[in-house]
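To start, the structure under review is shown below, and the notes come after it.
Order of listing sets the numbers, starting from 1, for every ligand and every atom in it.
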Amino acid sequence: MWWDARRAHRQGLEEIRHRQTARLVELVAYARQHSAFYRDRYQGLPEHIDDVTSLPVTNKRELMAHFDEVATDPAVTLAGVQEFVADPARIGGRFAGKYLVATTAGTTGSRGIFVLDDRYWAVTSGLMGILAAKWLSWRDVLRLVRRGARFAEVVATGGHFLSVAASTRERREKPRRHRSLGVFSVHTPLPRLVAQLNGFGPALLGGYASVLRLLATEQQAGRLQVHPVLVLSTAEGLPPDERDRLERAFGAVVREVYGCTESGYSAYGCALGWLHLLEDWVIVEPVDADHRPVPPGTVSSTVLITNLANRVQPIIRYDVGDRILVRPDPCPCGDPAPAIRVQGRASDVLTFPAADGSGVVTVPPLALGTVVDRTPGVELFQIVQTGPTGLSVRLLPDTGADPERVRAGAREGIAAVLTELGLAHVTVESAPEPPEQTTGGKYRTVIPLPTRAPSS
Ligand SMILES: [Zn+2]
């Protein structure tokens, strides 16, 4: 996979797109043959399809509602997968003896459960090798290798989220990776997380942008003392000035990757802070509200993605809800791949006064969001900061779930994390209203208190 991708990237954009089309033709044929859902959807369409725009659009809600028919392997059923994800002991295990299972937070309207095959994983790992070669000089690569490629990932744990499921499996199945792969929980109080990272000494540091921003502040203050070669920001947008700050703080190359569980890696950051599309194994279509393509230079209403790697649960023209802008001119960094910016992905950090009044405690948004996301019976949620020490949870329970029990479960989950972070004085209540959408149709999972203008 890696050699093939490397060859394609050396030959240029045209070769990558040639492979992309060939992979689409294969994926559509496979989905029609093995998935009742897609067979039905694509009825009446020409037999040979090499243009993704001729296919109907789908979304998370639809794929979850038709879970069993979408799957191309009869062993994959919603009932079976739900039972699997209900058990934290099975995080990173193989469902039906084969598949990685990942759940996603409800940022686009509903929660998702995704089944990923070995192809998906081989592609993801292969592409990471390609990206490292794009980002790092040979000197950096040498430094990385010399330090045993020790990789610290700060991720949401306790649920079947992709990063933790993948790294748990990696450590379980490749014992030699065990020592060089450190998984750290985003739910850890910052001082303890800092101590853990100091002890681990990562050559590679990966995490959500909001967590990396907190860690950069710790590094600048001298409490965190790590010397990574590469810092990798995922899941949230990283504003350009913050990227510069991170580079200064860590003395490392700082890069972003853009993608989601459903798509795999879709774009990679360049030195100028643009994200370049990684078109080998995914098709990214910026479209308007009617799913028509939007021209470069215009912000899209949403993005449709097609994952060309995963076969067990085909993701074809799937609405992910992100709004992106494609740069109309070539990126000055020299990379010919289309360059994009993702709008509104920068997540705010929650800030609370410490219990003893000695300053503030900052909490990355995903630390709380992921706790609610793994609460059984939650369809959709939103955590709103209502005061300096008050949070309110807007919640839409699954049909069939007991709403009061789900609400209590979510409140208890958040309270437990807050207590762990020394924030037991922060109150958590249930809001009567449901989660509210932004004008872009997205659900922000965590909404901090608006920053007040400094008083004079
Ligand atoms: Zn660029």
Is it true that the side chains of Lys134 and His276 contain a donor and an acceptor less than 3.5 Å apart? no
Just checking, any donor-acceptor pair under 3.5 angstrom between side chains of Gln220 and Arg248? no
From CA spacing to verdict: salt bridge (Lys or Arg N to Asp or Glu O under 4.0 Å), Asp118, Arg169: CA-CA 12 Å; Asp118 282 347; Arg169 184 166 91 180; 3.7 Å; yes
For Gln219 and Phe250, indicate whether the former's side chain and the latter's backbone hold a donor-acceptor pair under 3.5 Å. no
For residues Asp319 and Thr302, is any side-chain donor paired with an opposing acceptor at under 3.5 Å? yes
Return the set of protein N, O or S atoms whose distance to the Zn ion (ligand 1) is under 2.8 Å, each given as residue and atom. Cys270 SG, His276 NE2, Cys331 SG, Cys333 SG
Ionic contact status for Glu247 with Arg255, cut-off 4.0 Å: yes
